[in-house]
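These notes are about the structure you will find just below.
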Amino acid sequence: MAGIRSKDHDAKRRLILESAANLFAARGFTATSVAQISAACNASKAWIYHYFPAKEDILFALLQEFVDEVRDRLTNAAKQDLPPEASLRLFIEEALNIYAQYRINYPVLFNEMVFLPLEQQEQLKAIENEPVDALEAILIRLNPAIASLTDLKRSLTYIAFGTINATSNWYNPAGSIRIDTLTDVIYATVLAGVLAVRPDKHPWNA
């Protein structure tokens, strides 16, 4: 009957996504063909197109899946009824756990986002902004003096978020540095920086 999905639809779609993720991370998006993805799935190109009309749709699905999980887990961490210092540490720890656990090579794949249609890029960026907003709220709780300075508080938030995210470029979960130790280091760095800001002395207020 038309309109009824096969029982293994989700499993087949997952196979395509996982195979494409490995190829995109190893070769890059533009250097990976649908034929290569289909070969990795032991399937035909027509089979791939049945699930994804274009190669860009595969990349978009991978990135949307990731940013949805990041958004959900980090905003939930930020919503915990905790003192701001504890909220900051929990936020950082959860972010590090995501980057250590998630199978997709996050930094590599996000470099490929420029090949997506602008509308899809905007959708992903809108989702990405939600955990940034959540972190900004934590930083304001830590240093309420920055709340009234829009440019300054957002800049501080991006600096803090960038410090957290940059670990995905080099951190090896199987190495000698434990996530809780790394969390403590990043927490101390971000906390000291945010608390040291004096808006009345800052160039933004000159």
Side-chain angles (χ1 to χ4, degrees), residues 1-79 91-135 161-162 164-175 179 182:
M1 293 177 60
I4 296 180
R5 298 195 313 182
S6 63
K7 292 182 179 179
D8 59 351
H9 177 277
D10 291 342
K12 290 177 178 177
R13 187 177 185 275
R14 173 54 48 193
L15 174 62
I16 295 170
L17 290 174
E18 292 183 353
S19 299
N22 288 329
L23 289 168
F24 291 161
R27 295 170 166 270
F29 176 76
T30 56
T32 300
S33 67
V34 174
Q36 290 168 334
I37 297 172
S38 65
C41 296
N42 293 317
S44 67
K45 289 172 63 176
W47 186 79
I48 302 293
Y49 286 125
H50 174 73
Y51 292 91
F52 296 96
K55 187 175 68 167
E56 288 78 9
D57 294 316
I58 300 175
L59 178 61
F60 177 71
L62 285 167
L63 295 179
Q64 184 177 42
E65 181 180 79
F66 184 81
V67 294
D68 279 344
E69 179 168 350
V70 171
R71 185 265 317 278
D72 293 345
R73 290 175 63 174
L74 293 187
T75 55
N76 284 337
K79 288 177 182 176
F91 185 98
I92 294 169
E93 184 175 38
E94 187 68 356
L96 297 183
N97 278 321
I98 292 170
Y99 302 145
Q101 296 164 4
Y102 210 83
R103 195 198 58 73
I104 291 175
N105 190 324
Y106 165 77
V108 172
L109 287 186
F110 265 81
N111 288 335
E112 311 289 355
M113 188 169 67
V114 295
F115 298 110
L116 294 177
L118 184 59
E119 181 180 354
Q120 290 183 338
Q121 292 186 44
E122 292 302 322
Q123 289 181 50
L124 294 172
K125 290 175 183 177
I127 300 171
E128 282 188 293
N129 281 334
E130 293 186 47
V132 177
D133 292 339
L135 178 58
F161 203 67
I164 298 166
N165 282 349
T167 60
S168 63
N169 293 321
W170 59 267
Y171 178 61
N172 178 12
I179 282 185
L182 185 58

Salt-bridge present (Asp68, Arg71; N to O < 4.0 Å):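 Salt bridge present between Asp68 and Arg71.
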Salt bridge present between Arg14 and Glu65 (N-O < 4.0 angstrom):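 Looking at Glu65 together with Arg14, the answer is yes, because their closest N to O distance falls below 4.0 Å.
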Going from [atom1] on [X] to [atom2] on [Y], what distance comes out if it is rounded to the nearest 0.5 angstrom?
X	Y	atom1	atom2	value
Leu15	Cys41	CG	SG	4.0 Å
Glu128	Glu122	CD	CD	10.5 Å
Asn22	Thr32	CG	OG1	10.5 Å
Ser19	Ile48	OG	CD1	7.5 Å
Thr167	Leu96	OG1	CG	4.5 Å
Phe60	Met113	CZ	CE	10.5 Å

Under the side chain to side chain contact (heavy atoms under 4.5 Å, CB included) rule, what do Ile16 and Phe52 come out as? Steps first, then yes or no, please. CA-CA 9 Å; Ile16 295 170; Phe52 296 96; 3.7 Å; yes
Would you please test Leu135 and Leu74 for side chain to side chain contact (heavy atoms under 4.5 Å, CB included) and show each step? CA-CA 9 Å; Leu135 178 58; Leu74 293 187; over 6 Å; no
For the residue pair [X] and [Y], establish whether any side-chain heavy-atom pair is separated by less than 4.5 Å.
X	Y	value
Ile179	Tyr171	yes
Asp133	Thr75	no
Phe29	Leu23	no
Leu116	Leu124	yes
Thr30	Phe24	no
Tyr49	Lys45	yes
Lys12	His50	no
Gln120	Gln64	no

Show the nearest heavy-atom pair for residues Ala61 and Arg13, with the distance to one decimal.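 For Ala61 versus Arg13, the nearest heavy atoms are CB-NH2, 3.7 Å.
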Shortest non-hydrogen contact from Ala134 toward Phe91: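 That would be CB-CE1, 4.4 Å.
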Could you walk me through whether Leu59 and Lys55 pass side chain to side chain contact (heavy atoms under 4.5 Å, CB included), step by step? CA-CA 7 Å; Leu59 178 61; Lys55 187 175 68 167; over 6 Å; no
Given Val70, Leu63, Leu62, the one that forms side chain to side chain contact (heavy atoms under 4.5 Å, CB included) with Phe66: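 So, applying the side chain to side chain contact (heavy atoms under 4.5 Å, CB included) to Phe66 and each of Val70, Leu63, Leu62, only Val70 qualifies.
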Give the C-alpha distance, both sets of side-chain angles, the deciding distance and a yes or no for side chain to side chain contact (heavy atoms under 4.5 Å, CB included) between Asn76 and Glu94. CA-CA 10 Å; Asn76 284 337; Glu94 187 68 356; over 6 Å; no
For Tyr51 and Asp57, does a side-chain donor sit closer than 3.5 Å to a side-chain acceptor?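 Note: Tyr51 and Asp57 side chains miss the donor-acceptor criterion.
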